[in-house]
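Report on the following structure.
For clarity, every value in this text was computed on a predicted model and none was experimentally measured.
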Amino acid sequence: QVQLVEAGGGLVQAGDSLRLSCAASGRTISMLATGWFRQAPGKEREFVVAISRFGGTSSYADSVKGRFTISRDNAKNTVYLQMNSLKPEDTAVYYCAARSGYGISQAVREYDYWGQGTQVTVSS
């Protein structure tokens, strides 16, 4: 069983940066494709970014390209989401997710494991 624990959310102003972390246990994270999703109040959970099983490929939602970066520290079994130039529309609960499948997926249903989420609030 894989456990994922997110941290790093908070309240920031527009234009600020935040770095979220997702610590994994129960499986070596380099053996999992991992992603970040977010869910704003009243909206469906949406894809943000994902990185492939061995880190060779990543995929970003158009809304965050050029501002967000996913990375992974295999020694710490942790995935990070660096968020720069934050906008009020980035406000949401951010979830880390992992899947046993080999490739990247943007679909919520394709992920097997989820963290509890961390709140990111961006004020204007």
Nearest 0.5 angstrom please: Cys22 SG to Leu81 CG, how far?
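If I round to the nearest 0.5 Å, the distance is 10.0 Å.
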Measuring from atom CZ of Arg27 to atom CG of Leu32, what distance do you get when rounded to the nearest 0.5 angstrom?
5.0 Å
Give the minimum heavy-atom separation between [X] and [Y], together with the two atoms involved.
X: Ala92; Y: Ala40; answer: CB-N, 3.8 Å
X: Ser100; Y: Arg53; answer: O-NH1, 4.4 Å
X: Gly103; Y: Ala33; answer: O-CB, 3.6 Å

Just wondering, do [Y] and [X] contact through their side chains at under 4.5 Å, heavy atoms?
X: Val48; Y: Tyr95; result: no
X: Gln82; Y: Phe68; result: no
X: Leu86; Y: Leu18; result: yes
X: Asn74; Y: Thr28; result: no
X: Gln106; Y: Ser59; result: yes
X: Ile29; Y: Val79; result: yes
X: Glu46; Y: Val108; result: no
X: Met83; Y: Val120; result: yes

By salt bridge (Lys or Arg N to Asp or Glu O under 4.0 Å), which residues pair with [X], not counting sequence neighbours?
X: Glu89; answer: none
X: Arg45; answer: none
X: Arg72; answer: none
X: Lys43; answer: none

N-O pairing of Asp62 and Lys65 below 4.0 Å:
yes
In terms of hydrophobic clusters joined by side-chain contacts under 4.5 Å, are Ile104 and Tyr80 together?
no
With a 3.5 Å distance limit and no angle check, can you tell me whether [X] reaches the backbone of [Y] through a side-chain donor-acceptor pair?
X: Ser63; Y: Ala61; value: no
X: Tyr60; Y: Ile70; value: yes
X: Ser52; Y: Thr57; value: yes
X: Thr118; Y: Gly9; value: yes
X: Thr91; Y: Val122; value: yes
X: Asp112; Y: Arg99; value: no
X: Tyr111; Y: Ser105; value: yes
X: Ser123; Y: Val12; value: yes

Under a 3.5 Å threshold, yes or no: a donor from one side chain and an acceptor from the other, between Asn84 and Ser17?
yes
Set of side-chain hydrogen bond (donor to acceptor under 3.5 Å, both in side chains) partners for Ser25, sequence neighbours left out
Gln3
Taking side-chain contact (heavy atoms from CB on, under 4.5 Å) as the criterion, tell me which of Leu4, Val5, Leu20 meets it with Cys96.
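Among the candidates, only Leu4 passes.
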Check whether Tyr94 forms a cation-pi arrangement with Arg38 (NZ or CZ under 6.0 Å from the six-membered ring centre, at most 45° off the ring normal).
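No, cation not above the ring by the 6.0 Å, 45° rule.
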Can you name the ring-ring contact (aromatic ring centres under 6.0 Å, His included) partners of Phe47, sequence neighbours left out?
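Counting only residues at least two positions away or on another chain, Phe47 forms a ring-ring contact (aromatic ring centres under 6.0 Å, His included) with Phe37.
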